[in-house]
Amino acid sequence: MENEIKSLLLDNAKALFGEIIDEKLIQFQKTRKDVEGDLTLVIFPFVKMLKCSPSEAGEKIGVFLQSKLDFIKSHNVVSGFLNFTISDEYWLTQLSKMNKDSRHGYAPENSKSTLMVEYSSPNTNKPLHLGHLRNNFLGYSVAEILKANGHKVVKTQIVNDRGIHICKSMLAWERFSPLNSKGERESPENTVLKGDKLVGKYYVEFDKQLNKEANEIIASWETGEFDGFADYVVDEFNRLDSSKSAKNEKSIDGINTKIKDLAKNETGLLRDAKEMLVKWEGRDPQVYLLWTTMNSWVYKGFESTYKAMGVDFDQLYFESDTYVVGKDLIADGLKKGIFFKKEDKSVWIDLSDEGLDAKLVLRSDGTAVYMTQDLGTAFDRYRDFPDLNGIIYTVGNEQDYHFKILFLILKKLGFTWAENCYHLSYGMVDLPTGRMKSREGTVVDADDLMADVVAQAKEMTQERGHIEELSTEDKNALYELIGMGGLKYYLMKVDPKKSMMFNPEDSIELNGNTGPFIQYTHARIKSLLNKAGSIEEYLNVSLREEESEIIKHLTHFPALISEAGKAHSPALIANYTYDLVKLYNHFYQSVYILKEENEDLKNMRLILSKNVAKVIASAMSLLGIKVPEKM
RNA sequence: GGGCUCGUAGCUCAGCUGGAUAGAGCACCUCCCUUCUAAGGAGGCGGUCUCAGGUUCGAAUCCUGACGGGCUCACCA
């Protein structure tokens, strides 16, 4: 519709305006609610070349277009805006087209390039929390949206399974786990803890013990006891300690932190952890066995969490594999002069011509840093999928700088595909009490939250009592569908780029702009359609405004999917669906559908309802949200 | 301190490639179930779009500055 008007104006620009016009001058917008019409053209851009008032210009263009296009029933001009009213026939044709198209809104499958979407990418020491939920839901949804746009999509993640932090939890478990009557240490089999929770517990335990030991060291230093410590450590302590005098409270805190770090470095515990890392890199059999055992616990625990989330992956990557690839890349780039080596043998890249500092890519002891493995991972992925046309990294915005540099280095290494890498940078999820902090115990656990939300859905659904006839199994499935739908919608209706507030108190809300509200409308339509049985053809109907508004909105669905894909934004899908549901509910309460006596009208309204349900289901599936037949 | 980013109703958020009188939900107040699912609908209350300049026919939207919040600038990940 817009396109037809646009090309007509472009083709006849000479006759209408006396000159060729730029396509950008043709601006459409939604017609205001209080003005008659379905589509509005902004007239201001044409006023100058027509040398007349906006209303005269609008009238001239309006008359011209209406004479050429039969879908324009009438037009009016209000203060510089040309409003068209579109004929019922046009809308009815649109409705019947989409009714025949089971994939309304979707581009043909695999009609576009292959993309990879990375999301989740957990640290194996930390059970998944609320922040990961936003990440997983977003990543999964963006992947689905890109598929709907015709892309072939590979869902992936990079598992953060190596490094000193992993050794910390291994060491803590070996050293601090109590033994049971059979002489076994704690495991998922002999405790009630999920594997990821168990490992996470020992990661925390390591930190606790480390602090304890560091405090003991500081206490001895403070009494002047320095036996067994290197001279530079003692000097550093004395320097820091004496600099405390004559300072304000804040800088004293900073100095104390430095002293703490100094002492931590001197603990036997940390030394042993580092030793373990060296052994791990040397593939020491005993350490390797411990590593694979504890990792398998974590994966099993994560698996059940992913299942509850309803997300999946096509291909996994492990840092324990890709850091080696990264090291090779760096050795190679070093030869080519892209990187440089300092005296201490650490390897860097100079980014000063980009206005940035130099960045470390390999430690002086030759071990890998975060950047090293990310370079390797990207390279690995393009090697595995030669037709890959881009990677979308779903990672929080605290890593904006990291990704800027990662893409820059890949470019400098000569990988042309680096230009197609995109950081889907999303904002933090804050609690009413502020940011989640593990040390303060304010982290909202993913498993707990999901269980909670499903339990609340159960309670609230039972209160309504709409579904007594369902089997227990179906009821449970419904509670999960509603609870998870509410949670997912809550986390995805906000623009991904923005940080958002999560209030656990009303994490599952049923009214207003929520998942269950949308699900409810779907269920209501389904119930209507079931009662109606088969739907007959209809003829000669005229539309109410409520009806043409809905068809107009449904017609926009294909463009919406395209926009959401370009913007990598599930929020656009969520808001669109909410608007659709509001339009439908308004319609539902203003007319009879099943009880309508005019058969043609009744059938048209049923077809309309059916297509609303279809689009709701499609849109929600793009968000990873299921919709019920009954609720 | 440098860089990035955000600031819209009491709260949570839309709107931002410049366009008409800035929109929703929650909360609060009225109404509507002998209508097909009231997890619904209709209405009311609520705004100096942080502030100050600028660009122009027109600015919540673009530019500059100030103020306030967040992130980041590790041989951490």
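All chains are named by letter (A, B, ...) in the order of the sequence lines, taking the proteins before the strands, and each is independently numbered beginning at 1.
Residues meeting the side chain to side chain contact (heavy atoms under 4.5 Å, CB included) test with R464(A), sequence neighbours left out: M460(A), H466(A), L510(A). By the side-chain hydrogen bond (donor to acceptor under 3.5 Å, both in side chains) test, Y317(A) is found to be paired with D384(A), residues two or more places apart in sequence or in another chain being considered.
Figure legend. C28(B) is base-paired to G44(B); pairs are counted as Watson-Crick or G-U wobble with both atom distances under 3.5 Å. Pair assignment for U37(B): none, as no Watson-Crick or G-U wobble contacts are both less than 3.5 Å. Across all strands shown, C16(B) forms no Watson-Crick or G-U wobble pair with both distances under 3.5 Å. Base pairing of G7(B): its partner is C67(B), meeting the Watson-Crick or G-U wobble criterion (both donor-acceptor distances under 3.5 Å). Across all strands shown, C73(B) is found opposite G1(B) as a Watson-Crick or G-U wobble partner, with both distances under 3.5 Å. Nucleotide C62(B) is matched to G54(B) when pairs are restricted to Watson-Crick or G-U wobble geometry with both distances under 3.5 angstrom.
Y401(A) places its OH atom 16 Å from the P atom of C76(B), with the value rounded to the nearest Å. One atom, NE2 of H402(A), and another, P of C71(B), lie 19 Å apart when rounded to the nearest Å. Rounded to a whole Å, the CG atom of L362(A) is 12 Å from the P atom of C76(B). Look at CZ on F403(A): it is 14 Å from P on U72(B), rounded to the nearest Å. Rounded to an integer number of Å, the gap from D579(A) CG to G25(B) C1' is 12 Å. Taking atom CG of L41(A) as the reference point, atom C1' of A20(B) lies 14 Å away to the nearest angstrom. Rounded to whole Å, the distance from CG on L583(A) to C1' on A24(B) is 13 Å. Here C71(B) presents its P atom at 16 Å from NE2 of H423(A), a figure rounded to the nearest Å.
OP1 or OP2 of C71(B) lies within a sub-4.0 Å distance of a side-chain N or O belonging to R435(A). In this model, the phosphate group of U72(B) is not approached by any side-chain N or O of K359(A) to a distance below 4.0 Å at OP1 or OP2. For R363(A), a side-chain nitrogen or oxygen approaches OP1 or OP2 of A77(B) to under 4.0 Å.
A distance-only check finds a donor-acceptor pair linking the side chain of N135(A) to the backbone of S120(A) [under 3.5 Å].
The gap from the C1' atom of G18(B) to that of G54(B) amounts to 15 Å, rounded to the nearest Å. One P atom belongs to A24(B), the other to G44(B), and the distance between them is 10 Å to the nearest Å. C57(B) and G65(B) have their C1' atoms separated by 27 Å, with the value rounded to a whole Å. Only the P atoms considered, G7(B) is 14 Å distant from U17(B), to the nearest whole Å. Rounded to whole Å, the separation between the P atoms of U50(B) and G10(B) comes to 13 Å. Taking atom P in both C16(B) and C4(B), the straight-line distance is 24 Å, to the nearest Å. Nucleotides G68(B) and C49(B), compared at atom C1', are 16 Å apart to the nearest Å. Between U72(B) and G25(B), the two P atoms lie 36 Å apart (nearest whole Å).
Regarding the sugar-base torsion, C33(B) falls in the syn class, its angle being within 90° of 0.
Counting only heavy atoms from C-beta on, D34(A) has its side chain closest to U21(B) among U21(B), A20(B), C76(B). For Y370(A), the side-chain atoms get nearest to A77(B) when compared with the rest of C71(B), A77(B), A20(B). Checking A20(B), C57(B), A77(B) against the side-chain heavy atoms of V369(A) singles out A77(B) as nearest.
Among Q399(A), E319(A), H402(A), the single residue meeting the side chain to side chain donor-acceptor pair (under 3.5 Å) criterion with Y370(A) is Q399(A).
Around CD of E23(A), the count of heavy atoms belonging to other residues, nucleotides or ligands within 6.0 Å does not exceed 12.
Pairs engaging residues 41-53 of chain A under the side chain to side chain donor-acceptor pair (under 3.5 Å) rule: S53(A)-S55(A), S53(A)-E56(A) [sequence neighbours left out]. Applying the salt bridge (Lys or Arg N to Asp or Glu O under 4.0 Å) test to every pair with at least one member in residues 522-532 of chain A, sequence neighbours left out, gives no pairs at all.
Heavy-atom distances to RNA chain B give each of V78(A) and E509(A) a nearest nucleotide, and the one nearer the 5′ end belongs to V78(A). Along RNA chain B, the nucleotide nearest T514(A) and the nucleotide nearest N123(A) are compared for position; the residue whose nucleotide lies closer to the 5' end is T514(A).
Residue Q399(A) is in base contact, counting any heavy-atom pair closer than 4.0 Å across all strands shown. Residue K33(A) is classed as a sugar-phosphate contact, given heavy-atom separations below 4.0 Å to backbone atoms only. Counting non-hydrogen atoms under 4.0 angstrom, Q29(A) reaches a base of the nucleic acid. Residue D161(A) is out of contact with every strand shown, counting any heavy-atom pair closer than 4.0 Å. Residue Q27(A) is classed as a base contact, given a heavy-atom separation below 4.0 Å to a base.
Between E536(A) and K602(A) no salt bridge is recorded (no basic side-chain N to carboxylate O distance below 4.0 Å). Ionic pairing of E549(A) and K552(A) is present here: one or more N-O contacts between side-chain nitrogen and carboxylate oxygen are shorter than 4.0 angstrom. Residues R32(A) and D34(A) are paired through a salt bridge, judged by an N-O separation under 4.0 Å between the basic side chain and the carboxylate.
Cation-pi check for R162(A) over Y323(A) is met; the charged atom lies under 6.0 angstrom from the ring centroid and within 45 degrees of its normal.
The two atoms that bring H165(A) and N125(A) nearest to each other are O-ND2, 2.6 Å, heavy atoms only.
Between Y393(A) and F403(A), the ring planes lie tilted relative to each other; the angle falls in the 30° to 60° range.
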*Contact state string [nucleotides 36-45 of chain B, B base, S sugar-phosphate only, - no protein heavy atom under 4.0 Å]*: BBSBBSS---
*Encode nucleotides 3-16 of chain B as B, S and - characters from 5' to 3', where the letter depends on protein heavy atoms closer than 4.0 Å: B to the base, S only to sugar-phosphate, - to neither.*
----S----SSS-B
